[in-house]
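Worth knowing before you read on, the calculation uses all heavy atoms, side chains too, and leaves out hydrogens, waters and symmetry mates. Lettering follows sequence order; numbering is per chain, from 1. Just so it is clear, the structure is predicted and the values come from calculations on it, not from any experiment.
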Amino acid sequence: MANQVLTLVQAVNMGLRQEMARDPGVVVYGEDVGVEGGVFRVTEGLQKEFGEKRCFDSPLSESGILGTAIGLAINGMKPVVEMQFSGFFFECFAQLMCHAARMRNRSRGRFTVPLVIRTPIGGGIKALEHHSESEEVYMAHLPGIKVVIPSTPFDAKGLLIAAIRDPDPVIFLEPKRLYRAFKQEVPEEDYFIPIGKASIIQEGSDITLIAWGAMVRECWEAAAEAKKLGISCEIVDVRTISPLDLETITASVQKTGRAIVVHEACRTFGAGAEISASLHENLFGVLKKPVERVTGFDIVVPMARSEDKNMPDEFRVLEAIKKVMA
Amino acid sequence: MANQVLTLVQAVNMGLRQEMARDPGVVVYGEDVGVEGGVFRVTEGLQKEFGEKRCFDSPLSESGILGTAIGLAINGMKPVVEMQFSGFFFECFAQLMCHAARMRNRSRGRFTVPLVIRTPIGGGIKALEHHSESEEVYMAHLPGIKVVIPSTPFDAKGLLIAAIRDPDPVIFLEPKRLYRAFKQEVPEEDYFIPIGKASIIQEGSDITLIAWGAMVRECWEAAAEAKKLGISCEIVDVRTISPLDLETITASVQKTGRAIVVHEACRTFGAGAEISASLHENLFGVLKKPVERVTGFDIVVPMARSEDKNMPDEFRVLEAIKKVMA
Amino acid sequence: MFLDKFDPLKGQMVQILDEEGNHKEDLLPKELTPEVVKGLYEKILFVRLTNERVLKLQRQGRMGTFASIRGQEACQIGSEYAIEKSDWIVPAFREHGAIWAHGVPMDKVLLYWRGNEEGSHIPDGVNVLPPSIPVGSQMLHAVGLSWAAKMRGEKQIAVTYFGDGATSEGDFHEAMNFAGVFKTPTIFICQNNQYAISVPRSNQTASKTLAQKAIAYNMPGVLVDGNDLFAMYAVTKEAADRARRGDGATLIEAYTYRLDDHTTSDDSTKYRQKSEVESWVPRDPMTRLQKYLTKVKIWNQKYEDELKEKFTKEIDTIVEKIESAPDQTLEQLFGYTYAQMTPQQQKQLEYVHSIEAARATATEGGTNG
Amino acid sequence: MFLDKFDPLKGQMVQILDEEGNHKEDLLPKELTPEVVKGLYEKILFVRLTNERVLKLQRQGRMGTFASIRGQEACQIGSEYAIEKSDWIVPAFREHGAIWAHGVPMDKVLLYWRGNEEGSHIPDGVNVLPPSIPVGSQMLHAVGLSWAAKMRGEKQIAVTYFGDGATSEGDFHEAMNFAGVFKTPTIFICQNNQYAISVPRSNQTASKTLAQKAIAYNMPGVLVDGNDLFAMYAVTKEAADRARRGDGATLIEAYTYRLDDHTTSDDSTKYRQKSEVESWVPRDPMTRLQKYLTKVKIWNQKYEDELKEKFTKEIDTIVEKIESAPDQTLEQLFGYTYAQMTPQQQKQLEYVHSIEAARATATEGGTNG
Ligand SMILES: Cc1ncc(C[n+]2csc(CCOP(=O)(O)OP(=O)(O)O)c2C)c(N)n1
Ligand SMILES: Cc1ncc(C[n+]2csc(CCOP(=O)(O)OP(=O)(O)O)c2C)c(N)n1
Ligand SMILES: [Mg+2]
Ligand SMILES: [Mg+2]
């Protein structure tokens, strides 16, 4: 089969289409995912191809979407539901925490909830209020839930397929800033990216940059600039936030002795804290410098005109690299 | 005025009563807080004393409770609402995140939301499912919200008064295990414990134990055992989880060179991560040993008969002390 | 027949068997023969005796916090009898009657309330979800379960139980709305037992009945005497047939009363008058069944005494079983979070094993340190 | 008078001014004199012209994503006119008409949509909450605001606006229920514009009207022609009087249509027929007002042209003002999270200042690094 050159939106769409074709139990629903094909067009064409029973609009009701999906999943279906923006995710968080995350445990394995929640996350597209937040740590702190986030079209398709076939509930975060940011070759075939495995996307020897989603590209660009200054950066794309692949991350930092974690979410009690803490705890005496965190600030995500002031970018990552290497 | 010897429940009750007497804008509501006086009797007698307009039952509707409290607070009242158990807190989390936490910022100070949410937190009383969780980090990661948790009756009254008089939304966490665990002298007078200040409750020179709520007592007891082994523990009662008083915590660890953070919540992406990360980042080269975290595990909080197996206790803290001092 | 004839806006309530044990012949479903009623009565008796025993064990410190169902047995046994074993039951936490009748062994029920996860390990083949403590949250699961069957063209339906308090939660609304929009084969049974802990029904919502809330979703809503086994059976049967026919969901308000405290942690004398409780005693669902069964010459004191003796022994066995049931192991506590343990969990499990070993040694040695 | 005469279950809808500009004299409130109607018409015209301008600016990249209100102006201007300036308005995000009429300067409205926080900085003395993007969440605030007034014995009420889609959210249910239980002086105005983005009203809920959802809370619910300024005024006035008298809340379903796309990011041709949109054009709330005002000899082309010219100039000034408005400073972005900055924020603010200084130097130097 040939490869196609796709955006992240198109890669997710391909993954959904192929999984719907493979497994008649896959149903896709959420607000505006049917006729409209989703506000970001991720589900475009699915209703046409598979009919209204496989891909359809739900009422405007996030808890309703997840709560019914839990029932569907227990009774043998494979719901892949969309929360239109992660900023509205907390409307369904009680269902996630009290039920989706716990049903396997509560029933000692009799009932499981193999569903996927897709939701666009993060800033960078100058959207309205509540449309640019990064809530990954809330989800990742929850035992029973897996949280993945791709940073490329290739990974997006592969992680989505893995998520759909996973026996447990998976939250599939889509960095909306990358939806159409670039294209990449994506195989037509079936493949998957294992959940729980980070990826070393660039090898280097001086310092490890750790990021996920849209921040991976900022690291990439900062690393290119750093190279000009003679600094060799290794880049870890975390890909799965929970369960976190500390093994890969730690091995990299063991080698480089220095690390920077980059995320959009606000700093305090953010996901970077766990990574920094774990690195320090596990590599005490090995680390040459304290871990740096380049993050969003402890403020409400600013509206469109000022959102850049909060968002970590290449420049801030590069400054951090220079600081750590100094 | 005389002191009274009170449990934590009684101390909170006294604080509520005195604030209701002082400020006619204070209204207390929630599920079963009126006639019943709360399922833990924290609001006992308030309806009788202040009438049904000041202390009353609401429908079984957490989002309704917080959402209306936001409106009340904006329009000049001072709602002190109860969420019956923190395990049901996520029913109102969207209101907390999208509105309570942001109204000051969104309106550039025109509207503020000075309200208090009281909720019992944590395990240790062999309660039913969903009644023993510790959700503090979810709340603490949210800019715009303050999160406090007392570990003694004295602090409970003082922090509650501070919370009620604070100009911003404050979550007042009540460690249910301590509700009636012990009594303490509590002054009749008006006093408050400043929000944002941790407290060194025991000085020591070898190691700093950092905890909040019910875990403070486990640290206390472990420290007493450690003393027998010739180890001198300093204990920091964090008291305010957000904004975290890193200054006090860091100063203590700067002195001792060693630290253990103890919390009931599950470990990964828990509040201990931020404390460990910050200590390592700020005291690089000063720390003699990596920070230890003694926490609940990454599992669903077990039901009553097994909850002890998950809960950090004196023994586990002491083992950690021995490990760090080894 | 009931769904379109009894209008909750007019305050009409379905009752077939009254407090004196008299029944309306025209409304009585034929299938409720004396023999069938006898079987259902025996279930109610068994459930009530078990409930009593648990309350006793709890007072002796041999049980955890427990939610009594005394007074609500007919709601549950009647409605359960109206559905197939292959149908789903999605309970709140006060439905031991319904879930046991549907196939959950009573020792499981008791283990749950004893605080052992094995109690919510529903046996294979029994289509009942574990109890749902978060009030109002479970009805959405029933919508999803029954919707799955509909999607596959199967005839399975789901019944979900919840309290009067649960109707105030947003999830009740969202569940009803989904059921309305997607015409799912779901039966919503609200056991209006007049209280949500201490909060009386009248403070929970301003609407005169809970059944009328169905109008907001273009769904039939019907008020039923929840202490009337016959009415509960008959109305649930009609709703089940309707659901199976593809005509969608129904809301049933079962008007009943919680004769005991909310749970064993509660003291209901704080918020309700003894006289109120007493006024409900004659409306006890068991009493009127005894009267009916007396008329059809099935019930007499000897019959009752023999049954009680038999059931008491059965309950003894159950209690022995749960009191000797092993607690959950560390492997079990970690092992069901995901299909596979995470690396973090593996490390934590190792750690806790070593801690427990050290603790055992310390305890043996008589000191901790 | 409207609230008890028009039954949504019977499909009855309040209309006073029809599409041809004919009115029902017996229903027309006396206070709607031709002069008053002229004033309201001018507001509608101003709002519509502003709306058009913003759409144009957006296409030129001079505005952020914007939600047009074309077609819904009468809903908003009519209902707003029925309340006092001291009353509260709690909008969703498609209520520029109502909030401007209530006192929010139009430059604030535009600044908000331009993505500047100063746009939700409602001026002192104006009782309007900032737009609420999370659908369905704001009605609870209106209940709380008006409840506060009731608690203090003041006569203030609150009006909250929301869409047809919002009725599916749990928070709608909880807000209605609280308003019912506590009899708060709240008016719930659902602008049923037939769509929630692409989802038609019929897929949102199975109930025939949204107004009938009030029955679940023992609250009056009334269906109103939302494109009829007179009806919107009259019904809102009755609800306001009722609320102020202490009789509690009302649900008004304003039946209207969103003539434009959901927002400027939307393309409504994907999900609705051109013919459907065209069928609503004759029902435009402005057209029928023009016809009415022509009859009472107020409206003519010259009047319209002069008004347009005047308003266009006013809008020019507003646009200049917002385009020259300063962006938020770092101090502003940090300074309103709490009454006082946290130590963490202080450190972060210092850091970002140093970063921005370094960035400025790097940019000057022409390199980054
Ligand atoms: C979401 C949520 N909020 C609060 C509670 C605490 N709580 C447990 S039972 C109960 C009352 C339930 O009343 P109702 O729905 O009428 O059921 P009943 O107990 O009468 O059977 C409350 C408030 C809970 N379990 N879940
Ligand atoms: C809680 C929540 N979920 C989803 C969205 C995304 N969204 C924005 S507007 C909208 C549709 C709103 O429809 P309706 O309530 O009818 O209002 P209208 O836009 O028609 O005025 C949706 C789904 C949101 N803003 N908030
Ligand atoms: Mg009840
Ligand atoms: Mg709409």
Side-chain angles (χ1 to χ4, degrees), chain A residues 62-63 87-98 101-102 104-106 129-130 133 135-138 140-144 241-244 261 265-285 287 289-293 297-303, chain B residues 62-63 87-98 101-102 104-106 129-130 133 135-138 140-144 241-244 261 265-285 287 289-293 297-303:
Chain A
E62 289 78 13
S63 193
F88 311 120
F89 198 90
F90 287 87
E91 303 287 352
C92 75
F93 206 81
Q95 284 289 343
L96 187 77
M97 172 180 255
C98 296
R102 296 180 179 217
R104 176 189 290 281
N105 183 71
R106 302 182 66 237
E129 275 189 288
H130 304 282
E133 280 71 11
E135 297 85 353
E136 67 273 8
V137 77
Y138 292 99
H141 183 50
L142 203 50
I241 302 178
S242 176
L244 192 62
V261 193
C266 70
R267 175 185 175 101
T268 302
F269 299 108
E274 178 61 50
I275 297 176
S276 170
S278 294
L279 287 173
H280 281 290
E281 290 160 9
N282 298 333
L283 298 175
F284 194 78
L287 276 174
K289 281 293 185 67
V291 176
E292 276 287 313
R293 287 186 267 162
F297 304 121
D298 293 354
I299 60 175
V300 176
V301 173
M303 287 176 71
Chain B
E62 289 78 11
S63 193
F88 312 120
F89 199 90
F90 287 87
E91 304 287 351
C92 76
F93 207 80
Q95 284 288 343
L96 187 78
M97 172 180 255
C98 296
R102 296 180 179 216
R104 177 189 291 278
N105 183 69
R106 303 182 66 237
E129 276 190 286
H130 305 281
E133 280 71 12
E135 299 85 353
E136 68 271 9
V137 77
Y138 292 99
H141 183 50
L142 203 48
I241 303 177
S242 176
L244 191 63
V261 193
C266 69
R267 175 186 175 101
T268 303
F269 299 109
E274 178 63 47
I275 297 175
S276 170
S278 294
L279 286 173
H280 281 291
E281 290 160 9
N282 297 332
L283 297 175
F284 194 78
L287 276 174
K289 281 293 184 69
V291 176
E292 276 287 314
R293 288 187 264 162
F297 305 121
D298 294 354
I299 60 175
V300 176
V301 174
M303 286 176 73

ask   = If every non-hydrogen atom of A101(B) is compared with every non-hydrogen atom of V300(A), which pair is closest and at what distance?
value = O-CG2, 4.4 Å
task = Report the option among K289(B), E292(B), E274(B), E91(B) that has the most heavy-atom pairs separated by less than 4.5 Å from atoms of chain A.
result = E274(B)
task = Scan F89(B), F93(B), F90(B) and name whichever one has a side-chain contact (heavy atoms from CB on, under 4.5 Å) with F93(A).
result = F90(B)
key: With sequence neighbours excluded, residues passing salt bridge (charged side-chain N to carboxylate O under 4.0 Å, His left out) with E133(B)   = R102(A)
ask   = By a 4.5 Å heavy-atom criterion (distance strictly below it), what part of S63(A) contacts chain B: side chain, backbone, both, or neither?
value = neither
query = Which answer fits E129(A), side chain, backbone, both or neither, if we ask what part of it has an atom under 4.5 Å from a heavy atom of chain B?
reply = side chain
request  = Applying salt bridge (charged side-chain N to carboxylate O under 4.0 Å, His left out), name anything that partners E281(B), two or more places apart in sequence or on another chain.
outcome  = R267(A), R293(A)
key: Interface moiety of I275(A) toward chain B, non-hydrogen atoms closer than 4.5 Å   = neither
inquiry  = Quick check on L142(A) against chain B: is it the side chain, the backbone, both or neither that has a heavy atom closer than 4.5 Å?
reply    = both
query = Which region of F269(A), side chain (C-beta onward) or backbone (N, CA, C, O), has a non-hydrogen atom less than 4.5 Å from a non-hydrogen atom of chain B, or is it both or neither?
reply = both
query = What option among V291(A), L279(A), L96(A), N282(A) has the most heavy-atom pairs under 4.5 Å with chain B?
reply = V291(A)
ask   = Between G87(A), G270(A), G144(A), which shows the greatest number of heavy-atom pairs under 4.5 Å with chain B?
value = G270(A)
message = I'd like to verify something: which residue of T268(B), I299(B), L287(B), N105(B) has the highest number of heavy-atom pairs under 4.5 Å with chain A?
response = T268(B)
query = Do S276(A) and H280(B) have side-chain heavy atoms sitting under 4.5 Å apart?
reply = no
inquiry  = At a 4.5 Å cut-off on heavy atoms, which part of L283(A) comes close to chain B: side chain, backbone, both, or neither?
reply    = neither
query = Highest number of heavy-atom pairs under 4.5 Å with chain B: which of E62(A), M303(A), Q95(A), R106(A)?
reply = R106(A)
inquiry  = side-chain contact (heavy atoms from CB on, under 4.5 Å), that's the test. Do Y138(B) and M97(A) meet it? Break it down for me.
reply    = CA-CA 12 Å; Y138(B) 292 99; M97(A) 172 180 255; 3.7 Å; yes
